[in-house]
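This is a predicted model, so every value here is computed, not measured. Numbered from 1 within each chain, the chains take letters A, B, ... in sequence-line order.
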Number of protein chains: 2
Amino acid sequence: MSFMKFSKTTEYAFRILSFMAQDETKLYNVDEIFEKLRVPYRYLRKLMTNLTRSGFIVSIQGKNGGYKISRKTEEIRLLEILQAVDPEYLSGKCFFGFDNCALQVPCIMHDQWTIVRTNINNILAGTSLADVKQTKND
Amino acid sequence: MSFMKFSKTTEYAFRILSFMAQDETKLYNVDEIFEKLRVPYRYLRKLMTNLTRSGFIVSIQGKNGGYKISRKTEEIRLLEILQAVDPEYLSGKCFFGFDNCALQVPCIMHDQWTIVRTNINNILAGTSLADVKQTKND
DNA sequence: CATAAATGACACCTTGAGGTATTATATAAT
DNA sequence: ATTATATAATACCTCAAGGTGTCATTTATG
Ligand code: SF4
Ligand code: SF4
């Protein structure tokens with residue numbers, strides 16, 4: 001594992017949704033998304049279904065079907081995506097990974113780390129798909 | 001995986017070394033460390049050997065043997081430990097996980113994320129084992 | 001209706017992190 | 001020398017994330 005790196009699945013979700021945010025009315029199909037983003041084809045198929053279940057996109061089945069963003073891109077925040085894709089996010093509180101801390105006085109990392117996490121949360125909560133819609137990388 | 005959480009191994013390394021930093025002259029044996037920290041016994045054994053190879057501690061074999069911190073605790077920074085235990089750290093640069101970015105102008109996350117990472121790096125580089133030696137959690 | 005083109009469902013494979021089991025080696029104490 | 005007690009080495013097990021393969025279902029269109 002590598003610290004400060006999102007899971008592949010999270011990165012993929014960010015890529016997919018920020019790409020689809022470029023035109024929030026358009027119906028994208030998987031092949032089109034696959035062309036643009038570097039996501040393994042069948043895994044992408046699976047993720048699209050998951051993102052549909054999560055409610056970020058809606059799917060139209062059958063011929064000429066595809067996916068489109070389900071809500072206004074300004075309303076979908078990166079934090080919401082992260083939480084949906086990685087439910088364990090924010091589960092760990094202690095820098096040292098202790099389940100329950102028995103220190104009388106918090107260690108030197110406690111507050112510093114809380115601040116860092118809050119900072120990151122604010123960034124992710126403050127950034128919407130509309131803000132990153134240009135991330136196509138073609 | 002869960003974002004913003006160190007790997008178990010990294011957490012363990014932090015715990016072990018910050019515990020041993022309480023007395024940098026003392027020879028700790030595995031059983032003693034196992035008593036205090038919540039690290040699976042045999043995995044702890046393995047980690048101790050790895051930390052020895054990494055040079056953070058020295059081992060004395062044989063009866064009455066054990067481990068002790070190899071350098072001044074003020075000189076061992078958390079960043080150094082993290083890098084030794086998690087070599088992939090800092091490998092990923094792009095927020096979206098792209099191997100090579102083709103954007104003409106960097107996306108909105110680029111600078112923000114660079115700042116966050118720099119911030120974290122500064123904290124980890126600015127904190128030594130001496131600063132966290134009280135983290136015993138018994 | 002038949003077909004083609006799209007998504008959905010489900011089972012399986014692979015890989016690395018974390019963890020376990022066993023045996024080998026070193027050394028202080030008697 | 002023998003024994004007890006410590007670490008070292010090595011091989012194996014487990015589980016979830018990431019990834020693949022195959023077939024089923026939906027629906028526009030001729
Ligand atoms: S005080 Fe330190 S050891 Fe205790 S929970 Fe906070 S970070 Fe963890
Ligand atoms: S500009 Fe955005 S997409 Fe490009 S490397 Fe930086 S973070 Fe990644």
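Positionally, the nearest nucleotide of DNA chain C for Ile60(A) lies more toward the 5' end than for the other of Ile60(A) and Arg45(B). Between Tyr28(B) and Thr9(A), the one whose closest nucleotide on DNA chain D sits nearer the 5' end is Tyr28(B).
Within the cation-pi definition used here (under 6.0 Å to the ring centroid, within 45° of the axis), Arg71(A) does not qualify as a partner of Phe56(A). Annotation: cation-pi geometry satisfied between Arg15(B) and Phe98(A) (NZ/CZ under 6.0 angstrom from ring centroid, within 45° of ring axis).
Lys63(B) places its NZ atom 13 Å from the C1' atom of dA26(C), with the value rounded to the nearest Å. Nucleotide dA9(C) holds its P atom 8 Å from the CD atom of Gln61(A), rounded to whole Å. To the nearest angstrom, P of dA17(D) lies 11 Å from NZ of Lys46(A). Lys8(A) places its NZ atom 20 Å from the P atom of dT14(C), with the value rounded to the nearest Å. The separation between Ile57(B) atom CD1 and dA8(D) atom C1' is 13 Å, rounded to whole Å.
The side chain of Ser59(B) contributes no N or O atom lying less than 4.0 Å from OP1 or OP2 of dT7(D). Remark: Asn64(B) is in phosphate contact with dA29(C), judged by side-chain N or O atoms under 4.0 Å from OP1 or OP2.
Checking Ser7(B) against Thr10(B) by side-chain atom types alone, a donor-acceptor pair falls below 3.5 Å.
Nucleic acid contact class of Tyr41(B) (heavy atoms, under 4.0 Å, all strands): none.
With Leu17(B) as the partner, the side-chain contact (heavy atoms from CB on, under 4.5 Å) test is satisfied by one option alone out of Ile81(B), Thr73(B), Leu78(B): Ile81(B).
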